[in-house]
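Inspection log for the structure reproduced underneath, given as structure tokens.
Naming convention: chains lettered A, B, ... in sequence-line order (proteins, then strands); numbering from 1 in each chain. Small disclaimer: the values here were computed from a predicted structure and weren't measured.
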Number of protein chains: 2
Amino acid sequence: MAEPAGADRDPEAVSRFVEQFAAQLVEAGLPRMPARVFAALLSSDTGVLTSAELGERLKISPAAVSGAVRYLAQQHMVSREREPGSRRERYRVHGDQWYEALANRETVIRRWEDGLREGVASLGPGTPAGRRLAETLAFFEFVEKEVEAMMGRWRVHREERFGRG
Amino acid sequence: MAEPAGADRDPEAVSRFVEQFAAQLVEAGLPRMPARVFAALLSSDTGVLTSAELGERLKISPAAVSGAVRYLAQQHMVSREREPGSRRERYRVHGDQWYEALANRETVIRRWEDGLREGVASLGPGTPAGRRLAETLAFFEFVEKEVEAMMGRWRVHREERFGRG
DNA sequence: CGCTTCTTTCAGAAATTTGTGAAGACAGGG
DNA sequence: CCCTGTCTTCACAAATTTCTGAAAGAAGCG
């Protein structure tokens, strides 16, 4: 029964999961290729794969891997490591950082807030519409603070439950 | 100086805001038409517009309005009301409900969780990959609980600051 | 210093998504 | 019971996005 450590167990099962989970990510707004690459990394044993491995498992061209990885790195969902002494690059899911990136989306929220502030100013803070926007803005500011606190609590919770990975 | 209540002040300013804020929403994953319709509602004085008004302000066809509104209603970001005694339909942003819909995304999170659970099972809970997925799953479960609590706090905070709208 | 291996960039083909016009459906009002 | 006004659905056209193959660009290694 034992698990031949190092090799993925049932490649088909893995693939099924990858595709299915990637589909969810797509539905949530992620572009397809990045979603697939990400899911593949997530379900790999080490959490690290090379460009070639990704291309092979997902049956996509090097170009597609390159594009997807760039996207994911920009979103801070993976990091790229240069294997010293080799031209190979390795991409890694940061075990405990990627979901912070997902959950935060700090930059995005900031831009929303900026947009809303402008809106309040230009529609007039005293108008009904202005007031509605101001309330929305307040909500995002609130969330921003809360999420930060929540992440702190998560780290504690996580450590209790999993030990620090 | 006063604000001619009822009429939007500077239609151009409103439009600028609508388009700019909609663009942010698009970037965050919302389809374009729904984003524009939503922004238009958000920046209207009453928070309620008819299909015709939307089409006129955004320069889009009735078909486009129909599609966008259906999408937004499914996401619980607007609600539709039938003006009794008229065939006109009115669409409303729920002042304080839409961001709950945004923040919750409960259904989405649930599906992610389901996907992850399957993944853990099929990759094997004892494998490194399985453990990674399990941790991710734990994270989402954690977030789900936290968000609920957060929303409670928000309602309190909101009431203090704005009175119950 | 040139060879080899891997990655990135670029232009185009293919597929998907998006919005329109036109026809159909539904509901009130005469 | 038909007419009118409003929303929805459908099929198609247009635009955008997405992925590939090919060529150029780095970086180690002999």
| Is it true that B:Arg117 and B:Asp114 make a salt bridge, defined as a side-chain N closer than 4.0 Å to a carboxylate O? | yes

| remark: B:Glu56 atom CD is separated from D:dT6 atom P, nearest whole Å, by 13 Å

| Rounded to the Å, how far apart are B:Arg90 CZ and D:dT6 P? | 15 Å

| field | Terminal contacting nucleotides, 5' and 3', DNA chain C versus chain A (heavy atom, 4.0 Å) | value | C:dT5 to C:dT9

| query | Given atom CZ of A:Arg32 and atom C1' of D:dT20, what is their separation to the nearest angstrom? | reply | 15 Å

| field | Nucleotide D:dC7, atom C1' - distance to CD of B:Glu81 in whole Å | value | 16 Å

| said: Return whichever of B:Arg82 or B:Ala64 has its heavy-atom-nearest nucleotide of DNA chain C closer to the 5' end. | reply: B:Ala64

| said: Can you tell me which nucleotide in D:dC19, D:dA27, D:dC7 comes closest to the side chain of A:Arg87? | reply: D:dA27

| Can you tell me how far C1' of D:dT18 sits from CD1 of A:Ile60, to the nearest Å? | 12 Å

| note | One should read off an interatomic distance between B:Phe139 CZ and B:Trp112 CH2, to the nearest 0.5 angstrom, of 9.5 Å

| request: Decide, yes or no, whether a salt bridge links B:Arg161 with A:Glu135 under the criterion of side-chain N to carboxylate O below 4.0 Å. | output: no

| Within a reach of under 6.0 Å around CZ of B:Arg32, are more than 12 heavy atoms found that belong to other residues, nucleotides or ligands? | no

| query | Separation of B:Glu89 atom CD from D:dG5 atom P, in whole Å? | reply | 18 Å

| Interatomic distance where CE belongs to B:Met33 and P belongs to D:dT8 [whole Å] | 16 Å

| query | What does A:Gly85 touch in the nucleic acid at a heavy-atom separation under 4.0 angstrom: a base, only the sugar-phosphate, or nothing? | reply | sugar-phosphate

| query | Could you give the CG-to-C1' distance, from B:Leu54 to D:dT6, as a whole number of Å? | reply | 14 Å

| query | What class does the angle between the rings of B:His157 and B:Trp154 fall in, given that below 30° is parallel, 30 to 60° is tilted and above 60° is perpendicular? | reply | tilted

| said: Any salt bridge linking B:Glu12 with B:Arg16? Criterion: basic side-chain nitrogen under 4.0 Å from a carboxylate oxygen. | reply: yes

